Amino acid sequence: MADELKWYVAHTYSGYENTVAVSIEQAVENRNMHDLIAEVTIPLETVTEITDSGPKTVERKVFPGYVLVKMIMTDETWHLVRNIRGVTGFVGAANKAIPLTEEEIAALGVEKREVVVAYKVGDSVKITDGALATFIGTVEELDTERGKVRVVVSMFGRETPVELELDQVETI
């Protein structure tokens with residue numbers, strides 16, 4: 001049944017996102033529908049604002065007026081979410097909600113996928129793909145959130161840093 005869980009976007013009145021999210025979670029709890037509606041989230045980004053009193057870090061909504069709901073779409077779940085005060089509808093055509101694609105979910109960063117690599121900073125690695133395939137270098141920096149690794153390779157007697165995808169290198 002977990003394979004049928006998909007992310008849907010509920011449109012809300014601007015400024016009501018938090019109220020709507022809490023109301024959906026309470027309705028799910030009251031009706032014991034955890035198996036049908038798994039998660040409710042509001043995409044947020046952390047922004048540093050420069051004010052007169054200095055820099056201040058705040059969380060800002062990425063899409064004001066929208067709440068993401070991971071659920072199995074049935075008539076019951078559609079009506080539950082749609083009838084929450086502050087919800088104006090689902091994103092989609094007419095009365096048919098359209099789920100987000102895997103690419104959209106990844107771009108939004110809604111579901112964090114943990115990346116495990118077999119190497120760490122300082123390890124010697126072999127480049128397996130791209131123009132520098134078969135070159136050997138040393139890992140200088142790992143950025144698992146972006147899926148990038150910086151490897152220093154020796155080309156023409158000079159140390160040159162190269163940014164690659166995580167799957168373009170392997171341990172020796």
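Values in this document were obtained by computation on a predicted structure and should not be read as measured data. Both backbone and side-chain heavy atoms feed into the values below; hydrogens, waters and symmetry mates do not.
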Going by salt bridge (Lys or Arg N to Asp or Glu O under 4.0 Å), name the residues that satisfy it together with E165, two or more places apart in sequence or in a different chain.
K148
To the nearest 0.5 angstrom, please state how far the CG atom of L80 sits from the CD1 atom of I24.
7.5 Å
Of all the heavy-atom pairs spanning I172 and I136, show the shortest one and how long it is.
CD1-CG2, 3.4 Å
Inter- and intrachain pairs under salt bridge (charged side-chain N to carboxylate O under 4.0 Å, His left out), touching residues 83-100, at least two apart:
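Those involving residues 83-100 do not exist here.
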Who pairs with S23 by side-chain contact (heavy atoms from CB on, under 4.5 Å), at least two apart in sequence or on another chain?
T19, I84
Could you tell me which residues satisfy salt bridge (Lys or Arg N to Asp or Glu O under 4.0 Å) with E163, sequence neighbours excluded, listed by chain and number?
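Checked E163 against salt bridge (Lys or Arg N to Asp or Glu O under 4.0 Å); matches are R146.
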Closest non-hydrogen atom pair, S14 against E17
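For S14 and E17, the tightest heavy-atom pair comes out as CA-OE2, 3.9 Å.
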In terms of heavy-atom contacts, does CG of N83 have more than 12 from other residues, nucleotides or ligands at under 6.0 Å?
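More than 12 heavy atoms, drawn from other residues, nucleotides or ligands, come within 6.0 Å of this atom.
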Between V87 and A10, which heavy-atom pair has the shortest distance, and what is it?
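Of all heavy-atom pairs spanning V87 and A10, the closest is CG1-CB, 4.5 Å.
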side-chain contact (heavy atoms from CB on, under 4.5 Å), that's the test. Do E104 and W7 meet it? Break it down for me.
CA-CA 10 Å; E104 291 168 330; W7 284 100; over 6 Å; no
Can you list every pair that meets ring pair (Phe, Tyr, Trp, His ring centres under 6.0 Å) and has a residue in residues 15-51, with sequence neighbours left out?
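Qualifying pairs, neighbours excluded: Y13-Y16.
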Side chains of L166 and L142, heavy atoms from C-beta outward: is any pair under 4.5 Å?
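Yes - at least one pair of side-chain heavy atoms lies under 4.5 Å apart.
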Pair V9-L100, side-chain contact (heavy atoms from CB on, under 4.5 Å): steps then yes or no
CA-CA 8 Å; V9 181; L100 294 174; 3.8 Å; yes
Looking at CD1 of I105 and CG of L68, how far apart are the two atoms once the value is rounded to the nearest 0.5 Å?
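Atom-to-atom, I105:CD1 and L68:CG are 9.0 Å apart.
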Any side-chain heavy atom of F90 within less than 4.5 Å of one from I98?
no
Under 4.5 Å between any side-chain heavy atoms of K70 and Y8, yes or no?
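No, side chains not in contact.
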Expected list for residues 122-135: side-chain donor-acceptor pairs under 3.5 angstrom, two or more places apart:
residue: D123; atom: OD1; partner: K120; partner atom: NZ; Å: 3.4
residue: D123; atom: OD2; partner: K120; partner atom: N; Å: 3.0
residue: T128; atom: OG1; partner: Q168; partner atom: O; Å: 3.0

Set of residues satisfying side-chain contact (heavy atoms from CB on, under 4.5 Å) with respect to E103, sequence neighbours excluded:
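Counting only residues at least two positions away or on another chain, E103 forms a side-chain contact (heavy atoms from CB on, under 4.5 Å) with T101.
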For T138, which residues count as a side-chain hydrogen bond (donor to acceptor under 3.5 Å, both in side chains) partner, sequence neighbours excluded?
none
For the OG1 atom of T77 and the CG atom of L36, what is their distance to the nearest 0.5 Å?
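It is 6.5 Å, given to the nearest 0.5 Å.
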Identify all side-chain donor-acceptor contacts of residues 149-160 below 3.5 Å with residues at least two apart in sequence or on another chain.
residue: R150; atom: NH1; partner: E140; partner atom: OE1; Å: 3.4
residue: R150; atom: NH1; partner: E141; partner atom: OE1; Å: 3.0
residue: R150; atom: NH2; partner: E141; partner atom: OE1; Å: 3.4

side-chain contact (heavy atoms from CB on, under 4.5 Å) against V22, all qualifying residues, sequence neighbours excluded:
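With neighbours one apart ignored, the set is Q26.
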Start with the C-alpha gap between K61 and E45, add the side-chain angles, then the distance that decides, and say whether side-chain contact (heavy atoms from CB on, under 4.5 Å) holds.
CA-CA 6 Å; K61 292 176 182 75; E45 64 182 347; over 6 Å; no
Identify, with sequence neighbours excluded, every residue that meets salt bridge (Lys or Arg N to Asp or Glu O under 4.0 Å) alongside E25.
none
For L44 and V62, which heavy atoms make the closest approach, and how far apart are they?
C-CG2, 3.7 Å
Would you say that I37 contacts V69 through its side chain, given a criterion of any heavy-atom pair below 4.5 Å between the two side chains?
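They are in side-chain contact.
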How would you list all residue pairs meeting ring pair (Phe, Tyr, Trp, His ring centres under 6.0 Å) that involve residues 35-75, not counting sequence neighbours?
H11-Y66
